[in-house]
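Worth knowing before you read on, the calculation uses all heavy atoms, side chains too, and leaves out hydrogens, waters and symmetry mates. Protein chains get the first letters and strands the later ones, always in sequence-line order, with residue 1 at the start of each.
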Protein chains: 2
Amino acid sequence: MSRIGVFGGMGPSATVDFLDKLVKLTPAMRDQDHLPVIVASLPHTHDRSSAILGHGRDPLPQLLAGIEMLNQAAVGVIAIPCNSSHHWFDEMSSSSKVPLLHIAKACVEAISPAGATRVAIFATRGALVSGFYQRELRLRGIDFMLLDPEGGQKNVDSCIREIKAGNLDAGGQHLTEACREAARQGATTLIMGCTEIPIASRYADVSGLSLIDSSLELARASVAFALARGWNRPGWDS
Amino acid sequence: MSRIGVFGGMGPSATVDFLDKLVKLTPAMRDQDHLPVIVASLPHTHDRSSAILGHGRDPLPQLLAGIEMLNQAAVGVIAIPCNSSHHWFDEMSSSSKVPLLHIAKACVEAISPAGATRVAIFATRGALVSGFYQRELRLRGIDFMLLDPEGGQKNVDSCIREIKAGNLDAGGQHLTEACREAARQGATTLIMGCTEIPIASRYADVSGLSLIDSSLELARASVAFALARGWNRPGWDS
């Protein structure tokens with residue numbers, strides 16, 4: 001049970017980015033200092049955002065199958081580097097023998113309420129309708145804003161779509177536009193609440209906003225969970 | 001059985017690099033066009049090179065456990081982005097219900113014998129003692145060379161060690177030195193026969209050598225195997 005389980009493929013590039021963060025966050029001088037990780041990258045999972053919005057197939061059976069597969073692989077915790085899938089967090093948690101880390105909780109805990117006077121949430125339309133980021137921010141009394149669905153949000157949608165298609169520069173350009181709009185509306189902090197957005201941010205002008213990377217915060221929570229339990233020390237297989 | 005199995009963690013950064021290549025090599029416009037992948041990243045596996053050289057613990061039981069885990073996860077093929085572990089390729093293959101792709105075969109098949117007048121092999125000392133690259137090159141009648149164990153090979157050793165420790169610039173500097181030495185000795189082509197070396201090559205001056213990236217060639221072979229079988233089309237979980 002001394003392995004991090006990663007339910008990925010939603011999307012595949014975001015999963016690679018998340019795994020890269022896990023490796024870089026782990027203090028290690030050699031292979032054997034690192035954390036064991038089992039990844040189920042299952043990109044055929046139906047589009048989460050569309051399903052939440054009521055015009056796509058229900059991914060829940062696939063999500064539960066992925067959680068079951070990771071449980072069978074004897075992981076000790078599960079991280080899911082896909083924000084929208086957290087709409088079904090309670091169902092997935094209930095079906096799992098091992099705990100799941102919540103990406104939005106990890107993300108919002110990283111915000112300093114003193115510094116974040118106004119937080120913009122960039123996420124899929126499905127995640128925004130689901131509302132788990134808004135709930136976490138309200139619980140901590142942090143002011144937040146969303147882009148206009150008929151305006152700036154279209155740039156967020158395009159950003160995510162372009163990154164999923166491998167078009168990094170185009171993704172970055174759309175993110176730049178969305179950031180400018182959020183800043184014009186008084187945002188000081190940006191939650192990159194879709195795991196494709198941090199990839200786009202490397203190709204965007206995000207100056208003037210304090211960035212919170214949901215993928216990085218989930219990776220930090222995962223590594224902290226594992227290091228606290230000594231999973232970087234060889235055990236089961238030594 | 002429509003998933004690529006990746007036995008990784010040897011080392012962890014090389015596994016991330018390999019997964020990144022799988023994603024980029026797959027023609028896809030959206031998540032659902034991608035290939036399902038199960039990754040067992042098990043970095044506690046004993047050092048492969050040391051074991052081959054006779055002064056480290058035998059990793060074979062751990063290697064067989066990793067292969068068994070991937071078989072249980074119903075993968076249809078297994079790729080191992082670690083060259084040195086291919087010393088035990090036959091034992092791992094025999095224990096697996098599904099085929100394993102051989103990194104050195106994939107790599108040597110990518111070399112044009114006409115263009116490669118002299119091929120330098122950069123790998124761990126263990127992989128060089130094991131001799132699977134030399135065997136594949138001899139089978140195709142391609143001339144090759146190794147660096148002096150008391151000279152240039154020390155730079156290859158240091159390059160691999162620095163990348164495993166996350167020191168990218170230092171890894172690149174050692175690779176630059178090793179490449180200069182190989183070029184002085186008449187090498188025209190370089191097999192980067194350790195999956196840490198392609199990472200170092202982004203931080204090195206490798207001009208004058210035609211590069212063959214063992215990780216990229218294994219990724220190409222994996223994606224070709226999967227696409228030929230239609231694993232990018234949703235099936236089991238749709």
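- Two residues are said to be in side-chain contact when any heavy atoms from C-beta on lie closer than 4.5 Å; A:P43 and B:P36 meet this criterion.
- For A:V23, the part lying near chain B is the side chain, with the backbone staying farther off; criterion is any non-hydrogen pair under 4.5 Å.
- The two residues A:T45 and B:Q32 have their closest heavy-atom pair at O-NE2, 2.8 Å.
- Using a 4.5 Å cut-off between heavy atoms, B:L22 does not touch chain A at all.
- Contact tally against chain A (heavy-atom pairs below 4.5 Å) for B:I163, B:V6, B:N232: the top residue is B:N232.
- If you tally non-hydrogen atom pairs under 4.5 Å between each of B:M29, B:M10, B:R30, B:R161 and chain A, the highest count goes to B:M29.
- If you tally non-hydrogen atom pairs under 4.5 Å between each of B:I38, B:D17, B:V39 and chain A, the highest count goes to B:V39.
- Taking chain B as the reference chain and counting heavy-atom pairs below 4.5 Å, the highest number among A:A28, A:S41, A:P27, A:G8 is found for A:S41.
- For B:A40, the parts lying under 4.5 angstrom from a heavy atom of chain A are both the backbone and the side chain.
- Here the closest non-hydrogen pair linking A:D31 and B:P12 is OD1-CD, 3.7 Å.
- Minimum interatomic distance between B:H44 and A:H34 (heavy atoms only, all atoms of both residues): NE2-O, 2.9 Å.
- Of residues 166-178 of chain A, not one residue has a non-hydrogen atom less than 4.5 Å from any non-hydrogen atom of chain B.
- Side-chain contact check for B:K24 versus A:V16: every heavy-atom pair is 4.5 Å or farther apart.
- Here the closest non-hydrogen pair linking A:R3 and B:L42 is NE-CD2, 4.5 Å.
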